[in-house]
Each structure stands twice: as C-alpha cells, then as structure tokens.
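Everything on this sheet refers to the single structure shown next.
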Amino acid sequence: MASRHPTLTQPFAERAKTATHPLTRYLFRLMDLKASNLCLSADVTTARDLLSLADKVGPSIVVLKTHYDLISGWDYNPQTGTGAKLAALARKHGFLIFEDRKFVDIGKTVQMQYTAGTARIIDWAHITNANIDAGKDMVRAMAEAAAKWKERIPYEVRTSVTVGTPVSEQFDDEDADSAAAERVQVNPTQQRRLDVTSAPQRLEPGEQDNRDADGRKGSIVSITTVTQSFEPADSPRLTKTHDQGEETVFPGIEEPPLDRGLLLLAQMSSKGCLMTPDYTRACVEAAREHRDFVMGFVAQESLNSAPEDNFIHMTPGCKLPPPGEDENGEVPGDGLGQQYNTPAKLVGLCGTDIVIVGRGIIQAADPPIEAERYRRRAWKAYLARLG
Ligand code: BMP
C-alpha cells in the first residue's frame, strides 16, 4: 500500500503546498531549503551538552528531538532557561524542536502536562508526540489545549522600566518564576504584574483596547512605571532569551508559525513492540480526525493510504554502518531492544520522510561531520525515492 501512495514520489516542496497543518507545510519547505530530512535525537545528559550539540549539529538538521526529562540541569525559567535557549538555537540554525514526551493519559491530565507544570513543553517545543493507548479523546484534549494556548498569545509584549525603583526583587518567588507564564492582569486600575523581559505574555482578547495611538501603553507596577509595546502575533517569535542580545535568524525562510503539532506514536522501532496493526490503524484514524493538529506519525513506514493523506513520518531506529563499510549493510541492535535500519531502507523502501538518529551521531568522534554524513545519505535516499 505504502509503495503506491502518491506522497512517496512527490517532492517535499510539492507536499508543502497541500499539507493541512501549517507547521507541516513549514517543515516540508525547510527540508527542501536545507536539503535535509534528518532529525537529531539529542539524548545527552546535561543541559550544557544539549545546547552545545544543538549549536554544532543545527546546520545539518531540520528537527531536534529532546527528552527533557533525561537532562540534568534543565533550567525551567521560561525566558532564560534551557527551553528558551534551545528555541534561540532553533531560530539561528533553522530547525524545529520535537519533545519526545510520548504523552499517554486521560485528556485532562495530558492537557496539564503539555501546557503547565515544570517544563511547560508547549512553550518551547514546536512538536510533541503521544501514544494513544488511552484512546483517541486524548488527541482532542491536546488539540484543544494547543488551540487555547495559541489564542492566549495574541501579542508579544515588550516591557521597559522607565521609572525605576527596585524591580524584580519586589516580587515574591512565585511571581518571579511564572512572570511570563501566567496571564497578566491588565485592568489599568489594578496593580500589575511586572515582567521586564520580552517574552510573550498571555492577554485576553478584550484587553488590547487600552493602547494609545502609538500602540504603546504605560502602567504602574508596584511603584515602578513600565512602558509596553505590542507586536502582533503573526511576528511569530516566542520565548526569546534576553541574555543573548540580538539573535541571529536562519536566512531564506520566515520563522515557523505559532501552531503546535502532534505526532502519533503509531509503530516503534524496538524488538517485540506490542503495538498491534489495530492500534496503528487507530492512530491513522485519529490523525485524519485532527488534521489541524496532528502532523503525522512516528512510525517505521509510511502510513499515508487514503488519497488525501499527506502526513509526515519520522522514524527512529536509524544507523549507518561505520564509514568505509557497505552503506547498506546490516546494523546490529543495541542489545537493549533497539533495532536499526539504514536511511536508504527507511526512506527508500519504507517511505518515511525524516530519519531520527541519536547515538549514531552523538557517539561519533566528530558529531557535526557524522551528522553531515547522515544528512547526505538520507537526502540521497529521498531523491532516489522520487525517481
Ligand atoms: P538512538 O538512535 O540512539 O537509538 O535513539 C533513538 C531515539 O528515538 C531515542 O530517543 C528513543 O527514545 C527514540 N525512539 C526510538 O528509538 N524508537 C521509537 O519507536 C520511538 C522513539 O521515540
């Protein structure tokens, strides 16, 4: 079935025109621009290594996959923390961030895990994924949470302190931690929370009225006057770090849309995986029911089968034989259940779009050079698939 679907022989640039999800359309264009269908699985153990790796390998990849919960020293600060720094690197090198969280729970719980809590995954990860063993309603719950999140960022607020007295020290711990994360009370007659960063603030729709003709607004925070300027949300900049000065932005393409995307974990690479064909079929059904939120699948093969399907597929369990050996040779598993296939097989025969590579790159003597080797091989397999 997979071998006959039109998406298998359509260039990514063409698929960008018909994909239903804005982030999928963007990702296909980015792939075409960077000539890359490589995702780095950045499974290192410290925040420092993660950021350093992302900076070095960024030019070769279109997606960087994280497991934030295996990183020691992850800084949860929404403006200056690890998520924000990763987001800055994503802008600099032109890649999307995919948190491989594999959500699975009742809808209400996943909504909270996705949008709140310590990590606030939705703030910095363009993409995340879900195992839908708990049922398809979970996907709807996540889609609703993402839509609500997007609605609540109508404006990016830049705040500057014009009359200073003590600033952040005046706020209690909870305020300091969540200044950018919580809804701002903008009733001018009330005391206001102060945020001295340029991070996005959540404003309710009716709250924009009290801007003056310049689109600027003065207000009192405790005893400090602040000035805020507003930028429309279609300037899609999120979670900027404010300790890095002017940020470099990857040329050749605009910044990604604000939309968040979900991949359904439809098949796994591990030996003895218990996901049945019925489960995989349910993933495809759920994806079709939520085309505005589900970008596609983490799977071992293309699952596009209906004529209108144009889902994107990302596939882990990918490794190349060492340099110098037959590039299509067998690659042994890791002894802990992980199984590997080459980019040629996964992209060329199984029809996936993006290969996800972790240890194959991270454990190489020179990860950026190895990443380039994977990028070239995976891209070559894609071009060969197009015929
Ligand atoms: P590696 O290339 O080092 O084997 O890493 C694979 C990565 O992909 C890991 O982060 C793992 O959690 C993830 N992964 C996988 O290996 N198989 C799957 O089916 C789904 C995954 O998310």
Side-chain angles (χ1 to χ4, degrees), residues 1-40 60-65 90 94-98 126-129 143 236 250 252-267 280 283-316 318 343-357 374-387:
M1 190 194 312
S3 61
R4 279 187 244 119
H5 197 270
T7 50
L8 292 171
T9 48
Q10 245 173 8
F12 294 138
E14 284 303 308
R15 290 175 66 186
K17 294 176 188 159
T18 55
T20 44
H21 195 300
L23 203 51
T24 313
R25 289 200 290 273
Y26 180 88
L27 181 51
F28 278 135
R29 287 172 54 220
L30 187 65
M31 291 159 76
D32 183 58
L33 179 70
K34 290 183 85 172
S36 172
N37 51 347
L38 176 63
C39 166
L40 172 71
S60 302
I61 60 175
V62 283
V63 179
L64 180 113
K65 186 174 83 59
F95 60 77
L96 299 183
I97 303 168
F98 163 22
H126 305 93
I127 303 170
T128 190
N129 59 353
F250 186 73
I253 190 166
E254 74 284 2
E255 292 182 50
L258 277 176
D259 305 72
R260 287 339 199 188
L262 185 72
L263 297 172
L264 299 182
L265 186 68
Q267 297 168 329
T280 304
C283 287
V284 176
E285 277 167 28
R288 288 179 186 148
E289 286 162 17
H290 297 279
R291 287 177 194 274
D292 52 347
F293 182 52
V294 177
M295 298 171 70
F297 309 100
V298 172
Q300 293 295 303
E301 61 186 338
S302 171
L303 300 175
N304 287 333
S305 56
E308 67 279 13
D309 287 348
N310 185 6
F311 295 111
I312 197 163
H313 297 76
M314 304 196 195
T315 301
C318 179
K345 178 170 175 197
L346 293 174
V347 177
L349 294 180
C350 305
T352 196
D353 301 307
I354 294 181
V355 291
I356 299 176
V357 183
Y374 275 88
R375 185 195 62 77
R376 281 196 302 270
R377 293 287 176 274
W379 194 253
K380 188 174 149 192
Y382 155 69
L383 293 178
R385 187 176 88 193
L386 295 182

Between the main-chain N or O of [Y] and the side-chain N or O of [X], is there a donor-acceptor pair closer than 3.5 Å?
{"X": "Tyr374", "Y": "Cys318", "value": "no"}
{"X": "His313", "Y": "Gln300", "value": "no"}
{"X": "Lys65", "Y": "Ile356", "value": "no"}
{"X": "Arg25", "Y": "Thr20", "value": "yes"}
{"X": "Asn37", "Y": "Asp353", "value": "yes"}
{"X": "Tyr382", "Y": "Ala35", "value": "no"}
{"X": "Asp259", "Y": "Leu23", "value": "no"}
{"X": "Asn310", "Y": "Arg15", "value": "yes"}
{"X": "Ser36", "Y": "Met31", "value": "no"}
{"X": "Arg291", "Y": "Ala19", "value": "no"}

Contact between [X] and [Y] at the side-chain level, heavy atoms closer than 4.5 Å - yes or no?
{"X": "Ile312", "Y": "Leu263", "result": "yes"}
{"X": "Leu30", "Y": "Phe12", "result": "no"}
{"X": "Arg29", "Y": "Glu254", "result": "yes"}

Find the distance between [atom1] ([X]) and [atom2] ([Y]) and round it off to the nearest 0.5 Å.
{"X": "Ser305", "Y": "Phe311", "atom1": "OG", "atom2": "CZ", "answer": "9.0 Å"}
{"X": "Tyr26", "Y": "Glu255", "atom1": "OH", "atom2": "CD", "answer": "7.5 Å"}
{"X": "Met295", "Y": "Asn129", "atom1": "CE", "atom2": "CG", "answer": "12.0 Å"}
{"X": "Asn304", "Y": "Phe297", "atom1": "CG", "atom2": "CZ", "answer": "7.0 Å"}
{"X": "Ile61", "Y": "Leu40", "atom1": "CD1", "atom2": "CG", "answer": "5.0 Å"}
{"X": "Met314", "Y": "Leu346", "atom1": "CE", "atom2": "CG", "answer": "14.0 Å"}

**Prompt:** Between Thr128 and Leu262, is a side chain to side chain contact (heavy atoms under 4.5 Å, CB included) present by the stated rule, with each step listed?
**Reply:** CA-CA 5 Å; Thr128 190; Leu262 185 72; 3.9 Å; yes
**Request:** Verify side chain to side chain contact (heavy atoms under 4.5 Å, CB included) between Arg288 and Asp309, making sure each step is shown before the conclusion.
**Result:** CA-CA 8 Å; Arg288 288 179 186 148; Asp309 287 348; 2.7 Å; yes
**Request:** Using side-chain contact (heavy atoms from CB on, under 4.5 Å) as the criterion, point out the one residue from Leu38, Leu27, Thr315 that pairs with Ile354.
**Result:** Leu27
**Request:** Evaluate the side chain to side chain contact (heavy atoms under 4.5 Å, CB included) criterion for residues Phe28 and Glu14: first the C-alpha distance (whole Å), next the side-chain angles of each, then the deciding distance (0.1 Å), finally the verdict.
**Result:** CA-CA 8 Å; Phe28 278 135; Glu14 284 303 308; over 6 Å; no
**Message:** With side chain to side chain contact (heavy atoms under 4.5 Å, CB included) as the criterion, how do His290 and Asp292 come out once you've worked through the C-alpha distance, each side chain's angles and the decisive distance to 0.1 Å?
**Reply:** CA-CA 5 Å; His290 297 279; Asp292 52 347; 4.3 Å; yes
